[in-house]
Amino acid sequence: MLDKTHFPFGAIDIIRTLKGKGYPAFLVGGCVRDLLLGTLPDEWDITTSAKPEEVCKLFDKVIPTGIEYGTVTILLPDGQYEVTTFRSDEKYIDGRHPSNVRFTDDIHQDLSRRDFTINALAYDPIEKKLIDDFNGQKDLADKVIRAIGDPVERFSEDGLRSIRACRLAAKLGFTIEEKTFEAITKTLAVTQKVAPERVHDEIIKLLSAQKPSIGFDLMSKSGLLKIILPKLEDCRDVEQPPEFHKYDVYWHNLQACDAAPQNNPIVRLAALLHDIEKPSCKVDYTFYGHDQKGAETVKNVLQRLKFSNRDIDQVAGLIENHMFDYSSKWGDAAVRRFIRRAGLENIANLFALRIADTKAMEREIDSGYLAELQARIDKIIAEQNALHVKDLKVNGKDVMQTLNLSPGPEVGKVLTALLEKVLDNPALNEREKLLKMIRDV
Ligand code: ATP
Ligand code: MG
């Protein structure tokens, strides 16, 4: 299969250049694995015996992206390529980073420091030579994720590997070999110390799998979820009203995540966590306030995992509003209030979340009401009605002058009160009318 692949021009160019200078060079890791599985890799990683400084000298545009670990990124017209010098990392003292990155000129040593047999494949596309020192091809055929060497030792060196095992199982639809799986539970204390930024990156990758639930459920069964997303683990066995729900809160969250659009990590994350405060809000079969409380909790959870403020705001906003209802009886003012509460830019995501949430209840989906609400929103936007304080035909200066106020929260309160009136009656959004109203609101 590999000898028939059309490799990107840039990858071939880099490997040819390195080999021309006498340095062995290979495609390595995920890209070789994916090609053997018949899927198109999303990145092409290259490994070579050339030291980073030597690689830098051979190419024009090189960025030292991870030079302390031997990685540089080469920019070429058809894309960017990570080139990493062969490494043999022996000691991991803190379970986070190799304490001593040692370069080697032996590809076999480099492959042996990698995490799983299926990731320890190297291919020279010029000589058409595959190196498979750990029976990776067999594990690919058997759809198995197996640590290289002793799994407890390997996960103790780097606690991220156990998360990667679950993530790859979901990405590839593979199982985790028994001893490798058992090692996850035995090394939880190491994983607990992993830098949250690294965990963040694996979660993002897991969210892009076809079924992230496979990975999260493996994390739950091995004990990982309890340390990474304990609030989600707490949803296990929390029962819901059987007339609406087939699953407990935990499984419902996971199913909602799978049902959310694969290319939209924000909605997937919101779906995964949308009901995390149901356990604490449960009274009989009701969960009053779990949306508000869930939005607050998710901010802490995502901050701990180093998500950006923008991501956190979006996910928290979706969770806060996920219980919205709609009726054809709503007046236009109610539709405008809905737009303001959810934020116009979040409405598509909120609807996607609602669809995923409904699918995960295994109920008939009647999204007719969403289409109706969307049509009414579109109409209102088209009419360009005022929806935000900044859309009012008066501003803070006008309020301060009219009421003789100095800058402060009072000014904002007056503007918000004016906006309420305009939401009820858009015809009031005229400067003269609003200036008169300032004194009375
Ligand atoms: P994906 O295709 O989803 O990116 P990947 O296996 O390529 O999966 P990367 O994070 O891109 O994952 O890593 C590239 C390669 O580097 C892996 O295939 C593996 O050989 C090696 N690797 C990555 N992380 C580790 C780790 N923590 N320990 C050992 N080897 C690792
Ligand atoms: Mg990769």
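Salt-bridge check for Glu202 with Arg167: passed, with a basic side-chain N closer than 4.0 Å to an acidic carboxylate O. Residues Lys21 and Glu54 are not paired through a salt bridge, judged by the lack of any N-O separation under 4.0 Å between the basic side chain and the carboxylate. Using a cut-off of 4.0 Å between Lys/Arg side-chain N and Asp/Glu carboxylate O, Glu157 and Arg154 are scored as salt-bridged. Looking at Asp115 and Arg164, a side-chain N of the basic residue comes within less than 4.0 Å of a carboxylate O on the acidic one, giving a salt bridge. Using a 4.0 Å cut-off between charged nitrogen and carboxylate oxygen, Lys19 and Asp124 count as a salt-bridge pair. Salt bridge Lys221/Asp217: present, at least one basic N to carboxylate O contact under 4.0 Å. One finds a salt bridge joining Lys231 and Glu277 here, because a Lys/Arg side-chain nitrogen approaches an Asp/Glu carboxylate oxygen to under 4.0 Å. Here Arg114 pairs with Asp110 in a salt bridge; the nearest charged N to carboxylate O distance falls below 4.0 Å.
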| said: Apply side chain to side chain donor-acceptor pair (under 3.5 Å) to residues Glu82 and Thr71 and explain how you reach the verdict. | reply: CA-CA 7 Å; Glu82 276 197 356; Thr71 303; 5.2 Å; no
| message | Between Phe116 and Ile148, does the side chain to side chain contact (heavy atoms under 4.5 Å, CB included) criterion hold? Intermediate values first, please. | response | CA-CA 5 Å; Phe116 305 110; Ile148 294 172; 5.6 Å; no
| field | side chain to side chain contact (heavy atoms under 4.5 Å, CB included) between Ile126 and Ile15, worked out | value | CA-CA 8 Å; Ile126 292 162; Ile15 292 175; 3.8 Å; yes
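In this structure, the side chains of Val28 and Ile46 stay at 4.5 Å or more apart for every pair of heavy atoms. Phe216 places a side-chain heavy atom less than 4.5 Å from the side chain of Leu225. Side-chain contact between Lys282 and Glu239 is present, with at least one heavy-atom pair separated by less than 4.5 Å. Inter-residue side-chain proximity for Ile163 and Leu160 is flagged as met; some heavy-atom pair is nearer than 4.5 Å. Between Tyr123 and Phe26, every side-chain heavy-atom pair lies at or beyond the 4.5 Å cut-off. When side chains are defined from C-beta on, Phe103 counts as touching Pro52, because their heavy atoms get closer than 4.5 Å. Taking the side chain as every heavy atom from C-beta outward, Tyr369 and Arg354 approach each other to under 4.5 Å. Side-chain atoms of Phe287 and Asp275, non-hydrogen and from C-beta on, never get closer than 4.5 Å to each other.
When Asn349, Leu207, Leu269 are each tested for a side-chain contact (heavy atoms from CB on, under 4.5 Å) with Asn264, only one passes: Asn349.
Side chains of Tyr288 and Asp291: a donor-acceptor N/O pair is absent below 3.5 angstrom, by distance only. Remark: the His322 side chain and the Asp357 side chain contain no N/O donor-acceptor pair separated by less than 3.5 Å. Side-chain contact, Tyr81 with Glu43: no donor N or O sits under 3.5 Å from an acceptor N or O. Defined by atom type and a distance below 3.5 Å, a donor-acceptor pair is present between the side-chain atoms of Gln240 and Lys278. For the residue pair Asp139 and Thr117, a side-chain donor N or O sits within less than 3.5 Å of a side-chain acceptor on the partner. A donor atom on one side chain and an acceptor atom on the other are not found under 3.5 Å apart for Ser88 and Thr104. Between Thr187 and Ser156, the side chains place no donor N or O within less than 3.5 Å of an acceptor N or O (distance only, hydrogens not considered).
Here the closest heavy-atom approach between residue Asp325 and residue Trp330 is recorded as O-CZ2, 2.8 Å. The nearest pair of heavy atoms linking Val144 to Ile118 is O-CG2, 3.8 Å. Across all their heavy atoms, Arg33 and Asn119 have their closest contact at NH1-OD1, 2.8 Å. Across every non-hydrogen atom of Cys166 and Leu218, the tightest pair is SG-CB, 3.9 Å. Closest heavy-atom contact between Arg376 and Ser328: NH1-O, 3.7 Å. Shortest non-hydrogen contact noted between Lys226 and Pro230 is O-CB, 3.2 Å.
For the atom pair Ile228 CD1 and Glu233 CD, the distance stands at 11.0 Å (nearest 0.5 Å). Taking CG from Leu27 and CG from Asp45, the interatomic distance works out to 9.0 Å, rounded to the nearest 0.5 Å.
Note: Phe324 and Phe338 meet the aromatic proximity criterion, with ring centroids under 6.0 Å apart.
Under the 6.0 Å distance and 45° angle rule, Arg236 counts as a cation-pi partner of Tyr250.
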